Amino acid sequence: MFVDTAKVYIRAGKGGNGAISFRHEIYIPKGGPDGGDGGKGGDVVFVASKDVDTLIDFRFQPKLIAEDGKAGSGQKSSGKAGKDLIVEVPIGTVVKRGDEIVADLTHDNERAIVAHGGEGGYGNWHFRSSTRQTPRLAELGNPGECYDGELELKLLADVGLIGFPNAGKSTFLSVVSNAHPEIADYPFTTLTPNLGVAKVDDSSLLIADIPGLIEGASEGKGLGDRFLRHVERTKVLMHLVDVYTDDAGKAYQDIRSELRKYSTELASRPELVVLTKTEGVDADIIKMQSDAIHAVNPDAEIMAISSAAHQGLTEALRALVRRIDAIKAAEVEPEAEQSKEIPTITLSQNESKRRTPHQKYQLGERNTILALGKDAFAEDDDEDHALLDADFGQ
């Protein structure tokens, strides 16, 4: 079952609490504070994997929770850090937090931390001073990041097939590639996207076929609006038009209109228009339909193919390769220009990560939450305040 969206609950691990402890050894009755820090909470890490091709697992296990950090202990011993939660997702997965894109994984083994674990709290060893030799306080660990996220899968392909239902997209994909999509003589036989690899000369093309579009698809009609995301990453669009349609120009214009409504950037992609099912059709009919499309878009390059008769397929694939090669060459040129520039080295100092004042608790009353931050020490002298400022990074 192909699933390309999922809602998940993501929670990183909580940091461990700092410890309140004092050194007690024989002949050393007042050894001073030695409470260790709490361990850091585990992160939630997404890893793109070529061995995963759907998000169906998240429908049954939507909660992704990393391990909490352990509390500190005596002898200045820090607590154990929580174990990171490693989650494998398909290549092309987008992680969203509301309208914010948290991660976009487009390469195999690409990793992204989608939720950071909380920092562990300081133990009482950090709060010692010349006037406070027995600090009976420690920090609670910070909570980890937590939110309701949404996962979207966008297929990565060189060519995206678009067109009305029953325009011949699945038949074309099955003939030129190793894919086996469902094919029938009625509309909407394709209910999920399909991928196939087509080989032509010394090149290969990864082709994505999505369910057919209809007028109003961008407004939620039909199935295509759910799957248009899968052609967002394609380099070239192949627009298939049934040669037997009443008005090829209107059919072409309707699909182009839906693309523009969905995404102006997607509508601006390089495009190859092909008339399908042309076996046994007179050249005059092919020219008439081509002229109708040129009336809408005079710059359109139109080719005629027949997947059933294997006519014009190689020429169409070669035209797609030429477009993709031109795109790749255009992407390389800016990189080459940048490499010619004299490198500039700049030095920047990272702003120290500030620790927010944590809640404090007293020895023997660890379940009692006291005041926050420096307010808990309002009665202490200036030297103690200076120590806290240093400890909290303020």
Side-chain angles (χ1 to χ4, degrees), residues 157-177 179 181 183 187 189-190 193-201 203-214 224 228 230-231 234-259 266-327:
D158 298 313
V159 180
L161 304 182
I162 58 174
F164 274 105
N166 221 26
K169 301 187 298 299
S170 297
T171 304
F172 171 80
L173 183 66
S174 67
V175 172
V176 302
S177 73
I183 300 172
T189 55
T190 301
N194 294 291
L195 280 177
V197 179
K199 294 185 178 180
V200 54
D201 301 329
S203 303
S204 61
L205 298 173
L206 184 59
I207 303 176
D209 169 31
I210 67 170
L213 304 176
I214 63 173
L228 275 172
H230 294 298
V231 295
T234 58
K235 296 180 175 64
V236 178
L237 298 178
M238 186 173 182
H239 191 159
L240 285 72
V241 181
D242 189 344
V243 73
Y244 290 99
T245 191
D246 293 337
D247 187 346
K250 183 179 185 304
Y252 171 81
Q253 189 175 27
D254 288 344
I255 297 298
R256 294 298 305 177
S257 176
E258 296 305 320
L259 286 181
L266 179 60
S268 64
R269 298 280 171 85
E271 177 189 56
L272 176 65
V273 183
V274 295
L275 293 170
T276 62
K277 308 176 185 179
T278 58
E279 68 277 7
V281 177
D282 294 338
D284 293 340
I285 295 178
I286 295 177
K287 184 178 185 305
M288 178 188 70
Q289 298 287 46
S290 298
D291 291 342
I293 295 174
H294 278 140
V296 177
N297 181 8
D299 299 327
E301 180 181 357
I302 304 174
M303 304 182 71
I305 68 169
S306 170
S307 299
H310 291 216
Q311 296 175 357
L313 300 182
T314 301
E315 291 75 10
L317 292 175
R318 287 172 177 168
L320 294 171
V321 170
R322 288 194 297 270
R323 282 166 168 75
I324 293 174
D325 289 343
I327 293 172

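It should be emphasised that the depicted structure is a prediction, and the values quoted were computed from it without experimental measurement. FYI, the numbering just counts along the sequence from 1.
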Evaluate side-chain contact (heavy atoms from CB on, under 4.5 Å) for L205 paired with L317, printing each intermediate quantity in order. CA-CA 8 Å; L205 298 173; L317 292 175; 4.1 Å; yes
Nearest heavy-atom contact between A208 and A157 is CB-CB, 3.8 Å
I'd like to know if the side chain of S306 pairs up with that of Q311 as donor and acceptor (distance under 3.5 Å, no hydrogens or angles considered). no
Can you check whether L206's main-chain N or O pairs, donor with acceptor, with D158's side chain at less than 3.5 Å? yes
Look only at the side chain of D242 and the backbone of Y244, and say whether a donor-acceptor pair between them is shorter than 3.5 Å. yes
Say you draw a straight line from CG of D282 to CD1 of I285; how long is it, rounded to the nearest 0.5 Å? 5.0 Å
Under the 3.5 angstrom rule, does the side chain of S204 hit a backbone N or O of K199 as a donor-acceptor pair? no
Note, L237 side chain near L259 side chain (heavy atom, < 4.5 Å): yes
Any side-chain heavy-atom pair from F172 and V274 closer than 4.5 angstrom? no
Does the side chain of D254 come within less than 4.5 Å of F164's, by heavy atoms? yes
Using every non-hydrogen atom in the two residues, find where I255 and G163 come nearest and quote the distance to one decimal. CD1-C, 4.1 Å
Give me the atom names and distance for the closest heavy-atom approach of T245 to A251. OG1-CB, 4.4 Å
Please report the C-alpha distance between V159 and I324 in whole Å, then the side-chain angles of each, then the deciding distance to 0.1 Å, and finally whether the side-chain contact (heavy atoms from CB on, under 4.5 Å) criterion is met. CA-CA 9 Å; V159 180; I324 293 174; 4.0 Å; yes
Pair R256 + E271: basic N to acidic O under 4.0 Å: yes
Is the shortest side-chain heavy-atom distance between I302 and L275 below 4.5 Å? yes
d(S307 OG, E279 CD) to nearest 0.5 Å is 8.5 Å
Passing candidate, side-chain contact (heavy atoms from CB on, under 4.5 Å) with Y252, options H294, H239, Q289: H239
Hey, does the side chain of S174 reach the backbone of T171 with a donor-acceptor pair shorter than 3.5 angstrom? yes
Say whether, by atom type as modelled, one donor and one acceptor occur between the side chain of S257 and the main chain of Q253 under 3.5 angstrom. no
Determine the minimum heavy-atom distance between A304 and I286, stating which atoms define it. CB-CG2, 4.1 Å
When rounded to the nearest 0.5 angstrom, what distance separates CG in L320 from NZ in K235? 12.5 Å
Can you confirm whether M303 sits close enough to V273 that some side-chain heavy atom of one is under 4.5 Å from a side-chain heavy atom of the other? no
Go through the side-chain N and O atoms of D209 and S170 and say whether any donor and acceptor fall under 3.5 Å apart. yes
Has R269 got a side-chain atom pairing as donor or acceptor with T234's backbone, closer than 3.5 angstrom? yes
Under the side-chain contact (heavy atoms from CB on, under 4.5 Å) rule, what do L240 and I162 come out as? Steps first, then yes or no, please. CA-CA 6 Å; L240 285 72; I162 58 174; over 6 Å; no
Using side-chain heavy atoms (C-beta onward) and a distance below 4.5 Å, is L272 in contact with R323? yes
Minimum side-chain heavy-atom gap I207-L161 below 4.5 Å: yes
Under the 3.5 angstrom rule, does the side chain of T276 hit a backbone N or O of A167 as a donor-acceptor pair? yes
Which pair of heavy atoms, one from G249 and one from V296, lies closest together, and at what distance? O-CG2, 3.6 Å
